[in-house]
Asker: 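Sharing a structure with you now.
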Amino acid sequence: MPDFPSIEEQLEVIERGTVEIVPRDELISKLEYSKKTGTPLRVKLGCDPTRPDLHLGHSVILRKMRQFQSLGHHTILIIGDFTAMIGDPSGANKTRPALSKEEIVENGKTYFEQASKILDPNKTEIVYNSDWLSPLSFSDVIRLASHYTVARMIERDDFLKRYQNNDPISLHEFLYPLAQGQDSVHLKSDIELGGIDQKFNLLVGRHLQKEHDLSPQVCLMMPLLVGTDGSKKMSKSYDNYIGIDDKPEDMYGKALSIPDELIYPYFELLTDIAVDQLQQFKTLAETDPRNTKHELAWHLTRLYHGTEKADFARKHFEKTVVKKDIPDDMPILTLPANSESGILALLNDHNFTASNSEARRMILQGGVSINGDKVDDPQFVLKVEQGASYIIKVGKRKYFKVESSA
RNA sequence: GGGGAGGUACCGAAGCGGUCAAACGGGGCAGACUGUAAAUCUGUUGGCUUAGCCUUCACAGGUUCGAAUCCUGUCCUCCCCA
């Protein structure tokens with residue numbers, strides 16, 4: 001019989017960083033029951049296999065899942081392939097194309113690979129919700145839909161907003177929360193994890209479980225991680241994210257760009273610093289933001305790349321950003337000796353700029369230099385001397401080196 | 001089914017038939033500055049063989065010397081009524 005830590009210890013870990021646990025006393029009684037009977041709790045997390053690039057925003061919830069694993073509970077990762085296959089044609093902003101089965105399986109794999117940097121893959125059960133959702137008949141779906149009213153649906157914050165903004169809401173979008181809730185019914189989950197924006201969906205699961213005479217799940221919600229811009233939630237589309245797969249130097253640099261108020265929340269939500277030591281980082285973040293932020297950047301980088309690379313990333317940052325030196329490694333372009341290339345073509349053909357016009361603009365704004373000398377003429381032609389090399393800087397921090405072939 | 005409003009660049013939003021590659025705001029990018037890739041200030045923001053040219057204002061046609069602006073049809077969205 002598995003031996004779980006005490007309820008107090010478990011709660012301390014579980015509650016770290018949470019926004020809301022609905023309802024908390026049910027969580028406690030579930031934990032008590034679990035400890036008494038030696039039964040792990042079933043912890044559910046759904047993921048959307050459409051965009052498999054995970055960033056630290058996703059990691060907040062995955063880390064919570066990982067904590068449950070460490071406590072000895074059973075975790076289930078649901079690949080939401082069913083809904084992804086249907087696609088979401090209206091969405092608030094963008095049309096999400098329906099994905100093929102193959103793409104979804106592929107995305108699911110990629111997702112799991114990335115998530116495995118955080119989760120213990122051996123302790124993660126992976127399920128696809130099409131397994132139980134696709135066999136549902138139309139009458140099953142209608143029955144499912146009868147459990148919820150329109151009024152309750154448009155209570156949901158984002159529906160309400162879109163409704164008030166006269167933005168379209170497609171009918172099937174109302175079915176999504178029900179599908180997610182059905183997952184909880186099927187899996188008999190004890191706890192469902194999600195971002196605070198998932199509150200409505202999580203509660204639907206609870207509601208549906210009750211209707212099926214199941215023990216309703218506890219909904220545990222994590223805050224939405226604010227992105228590096230300090231205002232919007234971390235998201236790829238806002239380009240304010242730190243990717244789990246980001247290079248160590250990028251991770252370090254991006255972490256340093258966060259506003260000071262975010263230092264502590266990042267410590268709490270994203271690092272392994274023990275609960276009882278967090279308070280001291282909170283104080284440090286206020287008294288010595290510069291060094292504490294470096295500390296944070298280092299911890300984050302270490303978590304995903306190891307100590308050695310984190311140390312390197314720190315040095316790299318000091319060198320390139322603080323001292324504005326050129327980095328140690330950069331892409332190298334080998335050109336024939338004595339060849340001549342127009343600067344515009346050179347930048348553009350190798351994707352250092354998005355278009356010829358951008359390259360031109362960049363030059364006119366003083367954003368391009370060769371070996372430290374600004375290039376101010378878009379017509380500039382680089383003559384590659386035998387054996388020489390040229391370090392070309394494009395914009396703030398894109399560098400590459402041109403070398404002559406022997 | 002009936003009536004009304006509307007679809008403009010990455011987003012929001014202006015736009016008298018010519019002076020519109022299209023105001024303004026946000027975002028992005030660049031420069032300066034900085035503990036920082038933050039903040040701030042300045043500039044810039046369709047493409048190209050760049051003093052010029054080409055392609056854009058839902059889509060397809062039409063009127064006109066000339067259309068984002070007028071007309072017709074199609075598609076899409078929102079509101080009110082049923």
Side-chain angles (χ1 to χ4, degrees), chain A residues 56 89-95 154 159-171 173 226-243 246-266 284-298 300-301 313-327 341-349 351-369 372-381 392-399:
Chain A
L56 294 187
S90 69
N93 316 310
K94 274 184 200 152
T95 302
I154 45 178
F159 282 148
L160 186 63
K161 273 192 199 133
R162 282 162 64 187
Y163 193 66
Q164 287 171 342
N165 279 337
N166 295 344
D167 287 331
I169 302 172
S170 292
L171 197 49
E173 292 184 65
V226 176
T228 54
D229 61 348
S231 56
K232 293 191 282 267
K233 75 164 181 175
M234 185 174 282
S235 149
K236 214 177 150 188
S237 47
Y238 297 141
D239 198 24
N240 62 356
Y241 70 101
I242 301 176
D246 273 354
K247 287 186 294 183
E249 306 90 276
D250 286 340
M251 207 175 245
Y252 196 96
K254 285 182 183 181
L256 271 190
S257 78
I258 63 170
D260 294 354
E261 314 82 78
L262 247 42
I263 298 175
Y264 175 70
Y266 272 39
L284 277 173
E286 284 159 20
T287 53
D288 184 10
R290 195 196 89 91
N291 288 317
T292 313
K293 203 187 280 183
H294 273 277
E295 190 77 355
L296 170 69
W298 184 83
L300 287 177
T301 311
R314 173 172 237 158
K315 282 195 203 113
H316 179 269
F317 187 87
E318 292 289 346
K319 190 177 167 69
T320 59
V321 180
V322 180
K323 294 192 189 140
K324 294 192 200 292
D325 276 355
I326 54 171
S341 328
I343 187 72
L344 292 179
L346 192 62
L347 297 181
N348 209 28
D349 293 352
N351 294 322
F352 293 106
T353 51
S355 71
N356 218 316
S357 295
E358 185 183 288
R360 176 183 300 275
R361 210 179 291 137
M362 204 86 99
I363 289 167
L364 292 175
Q365 293 184 133
V368 176
S369 65
D373 295 326
K374 276 188 184 174
V375 176
D376 49 11
D377 177 14
Q379 303 304 325
F380 180 84
V381 173
I392 303 186
K393 184 185 181 198
V394 188
K396 273 194 176 66
R397 62 200 131 90
K398 264 191 268 181
Y399 286 90

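Every chain is numbered from 1, with letters handed out A, B, ... down the list of sequences. These numbers were taken from a predicted model, which means no experiment stands behind them. What's counted below: heavy atoms across the whole structure, side chains too, no hydrogens, waters or symmetry copies.
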Asker: Using purine N1 to pyrimidine N3 plus N6-O4 or O6-N4 for Watson-Crick, or N1-O2 and O6-N3 for G-U wobble, both under 3.5 Å, which nucleotide pairs with B:C78?
Answerer: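 Result: B:G4.
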Asker: Nearest whole Å is fine: how far is B:G31 P from A:Ile363 CD1?
Answerer: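 About 12 Å, once rounded to whole Å.
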Asker: Backbone N or O of A:Glu286 within a donor-acceptor pair of the A:Asp260 side chain at under 3.5 Å?
Answerer: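 No: the side chain of A:Asp260 does not pair with the backbone of A:Glu286.
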Asker: Using a 4.0 Å heavy-atom cut-off across all strands, classify A:Lys398 as base, sugar-phosphate, or nothing.
Answerer: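 Nothing, no nucleic acid heavy atom in range.
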Asker: Under the 3.5 angstrom rule, does the side chain of A:Asn356 hit a backbone N or O of A:Ala345 as a donor-acceptor pair?
Answerer: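 Pair absent, no side-chain N/O of A:Asn356 close to backbone of A:Ala345.
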Asker: Quantified in whole Å, what is the C1' atom distance between nucleotide B:C80 and nucleotide B:G27?
Answerer: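 Roughly 36 Å separates the two C1' atoms.
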Asker: Could you state the atom-to-atom distance from OH of A:Tyr163 to P of B:U77 in whole Å?
Answerer: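 That distance rounds to 15 Å.
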Asker: Could you let me know what B:C57 is paired to, Watson-Crick or G-U wobble, both distances under 3.5 Å, or none if it's on its own?
Answerer: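 When the pairing criteria are applied, nothing turns out to pair with B:C57, so the answer is none.
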Asker: Is the base of B:U50 touched by the side chain of A:Ser357 through a donor-acceptor pair closer than 3.5 angstrom?
Answerer: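 Flag set: donor-acceptor pair detected.
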Asker: Is the shortest side-chain N/O distance from A:Arg290 to OP1 or OP2 of B:U36 below 4.0 Å?
Answerer: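 No, A:Arg290 has no side-chain N/O under 4.0 Å of OP1/OP2 on B:U36.
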Asker: To the nearest Å, give me how far apart CG (A:Leu344) and P (B:U49) are.
Answerer: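 It works out to 8 Å between those atoms.
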Asker: Rounded to whole Å, please give me the gap between CH2 in A:Trp298 and P in B:U36.
Answerer: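 After rounding, the gap between these two atoms is 22 Å.
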Asker: On a whole-Å scale, what distance lies between the P atoms belonging to B:C48 and B:U55?
Answerer: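 Rounded to whole Å, the distance is 15 Å.
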Asker: Kindly say if A:Arg361 contacts the phosphate of B:G47, meaning a side-chain N or O under 4.0 Å from OP1 or OP2.
Answerer: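 For A:Arg361, the contact criterion (side-chain N or O under 4.0 Å from OP1 or OP2 of B:G47) is met.
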Asker: Using the P atom in both, what is the distance from B:G17 to B:A13, to the nearest Å?
Answerer: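 The answer is 23 Å between these two P atoms.
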Asker: Look at the side chain of A:Asp229 and the backbone N and O of A:Ser231, then say whether any donor-acceptor pair between them is shorter than 3.5 Å.
Answerer: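 Checked: pair present.
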Asker: What integer distance in Å separates A:Leu300:CG from B:U36:P?
Answerer: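 Answer to the nearest Å: 19 Å.
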Asker: Using a heavy-atom cut-off of under 4.0 Å over every strand shown, decide if A:Glu249 touches base, sugar-phosphate, or nothing.
Answerer: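 Result for A:Glu249 = base.
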Asker: For the backbone of A:Leu284 and the side chain of A:Thr292, can you confirm whether one donor and one acceptor N or O come within less than 3.5 Å of each other?
Answerer: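 Side chain of A:Thr292 to backbone of A:Leu284: a pair is present.
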Asker: Give the rounded distance in Å between these two atoms: NZ of A:Lys374 and P of B:G31.
Answerer: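 It is 7 Å, rounded to the nearest whole Å.
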Asker: Mark yes or no for a side-chain to base donor-acceptor pair under 3.5 Å between A:Gln365 and B:G31, with no hydrogen or angle criteria applied.
Answerer: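 Under the 3.5 Å cut-off, the side chain and the base do not form any donor-acceptor pair.
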Asker: Could you give the CD-to-P distance, from A:Glu318 to B:U34, as a whole number of Å?
Answerer: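 Atom-to-atom, A:Glu318 to B:U34, this comes out as 16 Å.
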Asker: Take atom P in B:A60 and the same atom in B:C79, then report the distance between them in whole Å.
Answerer: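 Per the computed distance, 28 Å lies between those P atoms.
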Asker: Under 4.0 Å between a side-chain N/O of A:Lys396 and OP1 or OP2 of B:A30, yes or no?
Answerer: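 It does, given that an N or O in the side chain of A:Lys396 lies less than 4.0 Å from OP1 or OP2 of B:A30.
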Asker: Within the structure, does a side-chain N or O atom of A:Ser257 lie under 4.0 Å from either OP1 or OP2 of B:U36?
Answerer: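 So the side chain of A:Ser257 is outside the cut-off, no N or O lying under 4.0 Å from OP1 or OP2 of B:U36.
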Asker: When the P atoms of B:C78 and B:U72 are considered, how many whole Å apart are they?
Answerer: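 So the two P atoms sit 24 Å from each other.
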Asker: Starting at CG of A:Asp260 and ending at C1' of B:U34, how long is that distance when rounded to a whole Å?
Answerer: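 So the two atoms are 12 Å apart, to the nearest Å.
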Asker: With P as the reference atom in both, quote the distance from B:A22 to B:U45 in angstrom, rounded to an integer.
Answerer: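 After rounding to an integer number of Å, I get 9 Å for this pair.
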Asker: Which heavy atom in A:Phe352 sits nearest to a heavy atom in A:Leu346, and how many Å separate them?
Answerer: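 The answer is CD1-O, 4.3 Å.
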Asker: Say we look at B:A21 and B:G47: how far apart would their C1' atoms be, to the nearest angstrom?
Answerer: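 Comparing C1' positions in B:A21 and B:G47 gives a spacing of 10 Å.
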Asker: So what does A:Gly366 hit on the nucleic acid, given a heavy-atom distance under 4.0 Å: a base, only sugar-phosphate, or nothing?
Answerer: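 Sugar-phosphate: the residue A:Gly366, judged by heavy atoms under 4.0 Å, touches backbone atoms but no base.
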Asker: With both distances under 3.5 angstrom, what nucleotide forms a Watson-Crick or G-U wobble pair with B:C29?
Answerer: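 Matched B:C29 with B:G43 under the 3.5 Å cut-off.
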Asker: Rounded to whole angstrom, note down the C1' distance from B:U49 over to B:G15.
Answerer: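 Taking atom C1' in both B:U49 and B:G15, they lie 33 Å apart.
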Asker: Taking the nucleotide of RNA chain B with the closest heavy atom to each, which residue, A:Asn165 or A:Met362, is nearer the 5' end?
Answerer: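 Final value for this comparison: A:Met362.
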Asker: By nearest heavy atom, map A:Val394 and A:Pro289 onto RNA chain B; which one lands nearer the 5' end?
Answerer: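 It is A:Val394, whose closest nucleotide lies nearer the 5' terminus.
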Asker: Does A:Asn166 have a side-chain nitrogen or oxygen under 4.0 Å from the phosphate oxygens OP1 or OP2 of B:U77?
Answerer: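 Checking B:U77 against A:Asn166, no side-chain N or O comes under 4.0 Å of OP1 or OP2.
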Asker: Tell me whether A:Glu173 contacts the main-chain N or O of A:Ile169 through its side chain, where contact means a donor paired with an acceptor under 3.5 Å.
Answerer: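 No; zero donor-acceptor contacts below 3.5 Å.
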Asker: Out of A:Lys254, A:Arg314, A:Met251, which residue meets the side-chain contact (heavy atoms from CB on, under 4.5 Å) rule with A:Thr301?
Answerer: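 Going through the options one by one, the only one that passes is A:Met251.
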